[in-house]
2 protein chains.
Amino acid sequence: MLLAERHQLILEQLNLHGRITSVELAKSLAVSEDTIRRDLNKLGELKLLHRVHGGALVMQEETPDYFDRLNTPDPSKKRFLEPALNMLEAGQTIVIDSGETCRYLAQNLPANLPLTVVTGCPLIVQDLMQQPQVQVIQIGGKMFKPAMRTVGHSAIEMLKQIRFDIVFMGICAFHAKHGFCVSYLEEAEVLRATIEQADRTVLMGPHDKLDKTKTYQIVPAHKINHLITDKGIRQDVQSSIQALGIELTIVPSN
Amino acid sequence: MLLAERHQLILEQLNLHGRITSVELAKSLAVSEDTIRRDLNKLGELKLLHRVHGGALVMQEETPDYFDRLNTPDPSKKRFLEPALNMLEAGQTIVIDSGETCRYLAQNLPANLPLTVVTGCPLIVQDLMQQPQVQVIQIGGKMFKPAMRTVGHSAIEMLKQIRFDIVFMGICAFHAKHGFCVSYLEEAEVLRATIEQADRTVLMGPHDKLDKTKTYQIVPAHKINHLITDKGIRQDVQSSIQALGIELTIVPSN
DNA sequence: TAGCATTTTGCATGTTCCTGCGCTTTTTTG
DNA sequence: CAAAAAAGCGCAGGAACATGCAAAATGCTA
């Protein structure tokens, strides 16, 4: 095998997995680890990868402006992130639903935490594709424009074959008596199927979405495990939520 | 054997395998390694191949990293669109594969033509979401970063349940004898499943992708129905393609 | 066709580059 | 702090390379 050819294969493997160890490369390319080390050092000098002890990581590129054009998000929603990020552990499989708050979560996942992230929203898939430590599973199906996500039988069938550690969703409407609701039947169906597969469901959103209802109930309130909202929540609403055994995290208002 | 003739043979061998060593060439062409080295150096100067220690690699214009290409789109690829757009009829279900040429197609669909468009690329999904006359079906599965598309068993199973009128794909490598090829096994599997479900498969791409091969064959050449390429295609290549019964459309070079 | 210049080719030479091994040093991990 | 893993260093054999030169092939002109 030619040296230059081996360099190409190394970069290919690296882009594929986001990370690579010297030992793996030496084995798969059938050369000594010394040779691999020399390769990685050279490629590192050329700024084609990020050389680290034990192997290499993909070059962290700064966020292309391409993604900034997509929308003009509201940075105040970032305040919901911290409690959510603290729940994450290496190796988990999580769902990040569609919506602006969820998108912030996808964009701000810790760089050193390997995760499998499942989503039906193409915008979030794009955000996640830039993070080498994340494996991305895209839920297929008919695109449903109002929610910017896939819905329908195909989507539900695919969801049924995966088990999730945590599901993160934005709050559309939550009510202690009427549960977690949305405005569209198709969306409710697919969100219900998602929650069904999860060990733990976490909702994030401002307090004014609480004590509200919409036409279609996804699940009753007690199926939700954790709510992250901001200050301003009414005392009686807070009590009724906690009475259901739902963990409540309240972040400062913007 | 004439020098120019040998140069031609070297380039042919190179396109066929993507790589070639001086030793192999010296043996197969029955000349000394010194002569081969001189040949390779000259061809390297002419930018017809990538000269490396021990042999040569094919010149690769494409960047393996999809995100680099996104930031520098090449509008000249739009010239392939017109013949493709003329094939479309109202009510059809079509596939638009991933890739830059395909993305231009997705962005330039006629506004008055209702279509169902299927794709596994989230970028293309997003382009299509802005077009109200188009219903979008997203193919689910594991996201495969080098090709910016979904792959794997889930994707193939979902594809098997849909029938397509036309499949549009970019040419990665096409060879009359070795068929339609790509560099990755996962990609080949899902593209094969896609073509299997289609009445008609149309490839679009510049002429320098013809008479080339990559590691994995998707389908043999005769499974392709229509090729859209640009001027510059060699006469013998053109003949061999038409001999297979493949319709050929040649657009002006940029 | 003969004569001469140019190009191409193969060989011999010395040089550079690539690779694996043994060794020591540094880093990581429990 | 100790064991293990990874890295760095130098060396030697071999492969690939560049260079010079002479023989062979080719092209051009008289």
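Sequence lines set the chain letters: A, B, ... in the order given, protein chains first and strands last, and positions in each chain run from 1.
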Open item on the list: Looking at A/Ser22, I'd like to know whether one of its side-chain N or O atoms comes within less than 4.0 Å of OP1 or OP2 on D/dA7.
Closed with: yes
- [ ] Could you pull out all residues at least two apart from B/Lys78 that satisfy side chain to side chain contact (heavy atoms under 4.5 Å, CB included)?
- [x] B/Leu81, B/Tyr104, B/Asn108
Task: Contacts of type side chain to side chain donor-acceptor pair (under 3.5 Å), residue B/Thr35, not counting sequence neighbours - done: B/Ser32
TODO: For A/His222, enumerate each residue passing the side chain to side chain contact (heavy atoms under 4.5 Å, CB included) test, keeping only those at least two apart in sequence or located in another chain.
DONE: A/Pro220, A/Leu244
Open item on the list: Here's a test of your reading of the structure: between A/Met1 and B/Glu33, which maps to the more 5' nucleotide of DNA chain C?
Closed with: B/Glu33
- [ ] Write out all pairs satisfying salt bridge (charged side-chain N to carboxylate O under 4.0 Å, His left out) with one or both partners inside residues 234-254 of chain B, taking only residues at least two apart or from two chains.
- [x] B/Arg200-B/Glu247, B/Asp211-B/Arg234, B/Arg234-B/Asp236
TODO: Select from A/Val31 and B/Ala30 the residue whose nearest nucleotide in DNA chain C is closer to the 5' end of that strand.
DONE: B/Ala30
Task: Sub-4.0 Å heavy-atom contacts from residues 3-14 of chain A onto DNA chain D, ordered by number - done: none
TODO: Rounded off to whole Å, could you give me the NZ-to-P distance for the A/Lys42 and D/dG8 pair?
DONE: 14 Å
Grab the N/O contacts between the protein and nucleotides 20-25 of chain D below 3.5 Å, and write none if there aren't any.
none

Open item on the list: If I take atom CG in residue B/Leu40 and atom C1' in nucleotide D/dC17, what distance separates them, rounded to the nearest angstrom?
Closed with: 12 Å
Open item on the list: How bent is the helix from C/dT1-D/dA30 to C/dG30-D/dC1, measuring the angle between the end axes built from five pairs each, rounded to 10°?
Closed with: 40°
Task: Closest nucleotide among C/dG20, D/dA6, D/dA18 to the B/Arg37 side chain - done: D/dA18
Task: Heavy atoms from other residues, nucleotides or ligands near CD of A/Glu12 exceed 12 (cutoff 6.0 Å) - done: yes
Kindly give the atom pairs (protein nitrogen or oxygen, nucleotide nitrogen or oxygen) under 3.5 Å for nucleotides 23-30 of chain C.
none

- [ ] Could you check how far CD of B/Glu24 sits from C1' of D/dA15, rounded to whole Å?
- [x] 15 Å
- [ ] Identify whether any heavy atom of B/Asn41 sits under 4.0 Å from a base atom; if not, whether one sits that close to sugar-phosphate; answer base, sugar-phosphate or nothing.
- [x] sugar-phosphate
- [ ] State, with a plain yes or no, whether a side-chain heavy atom of A/Thr194 is found less than 4.5 Å away from one of A/Ile139.
- [x] no
Task: Whole angstrom value for the distance that separates C1' of D/dC17 from CZ of B/Arg51 - done: 8 Å
Task: Heavy-atom closest contact (A/Met204 atom, A/Ala84 atom, distance) - done: SD-CB, 4.0 Å
Open item on the list: Please determine whether a side-chain nitrogen of the Lys or Arg among A/Lys160 and A/Glu157 lies less than 4.0 Å from a carboxylate oxygen of the Asp or Glu.
Closed with: yes
Task: Exercise: do A/His226 and A/Thr249 side chains pair donor with acceptor under 3.5 Å - done: yes
Task: Qualifying residues under salt bridge (charged side-chain N to carboxylate O under 4.0 Å, His left out), relative to A/Glu5, sequence neighbours excluded - done: B/Arg19
TODO: Give the rounded distance in Å between these two atoms: CG of A/Asp39 and P of D/dA6.
DONE: 17 Å
Task: Close side-chain approach of A/Thr116 and A/Gln92, heavy atoms under 4.5 Å - done: no
Task: Partners meeting side chain to side chain contact (heavy atoms under 4.5 Å, CB included) with A/Glu45 (sequence neighbours left out) - done: none
Open item on the list: For C/dT19 and A/Thr35 - does any side-chain N or O of the residue sit under 4.0 Å from the phosphate oxygens OP1/OP2?
Closed with: no
- [ ] Using side chain to side chain contact (heavy atoms under 4.5 Å, CB included) as the criterion, list what pairs up with B/His17, not counting sequence neighbours.
- [x] B/Gln13
TODO: Output all residues satisfying ring-ring contact (aromatic ring centres under 6.0 Å, His included) with B/Phe144, sequence neighbours left out; order by chain, then residue number.
DONE: B/Tyr184
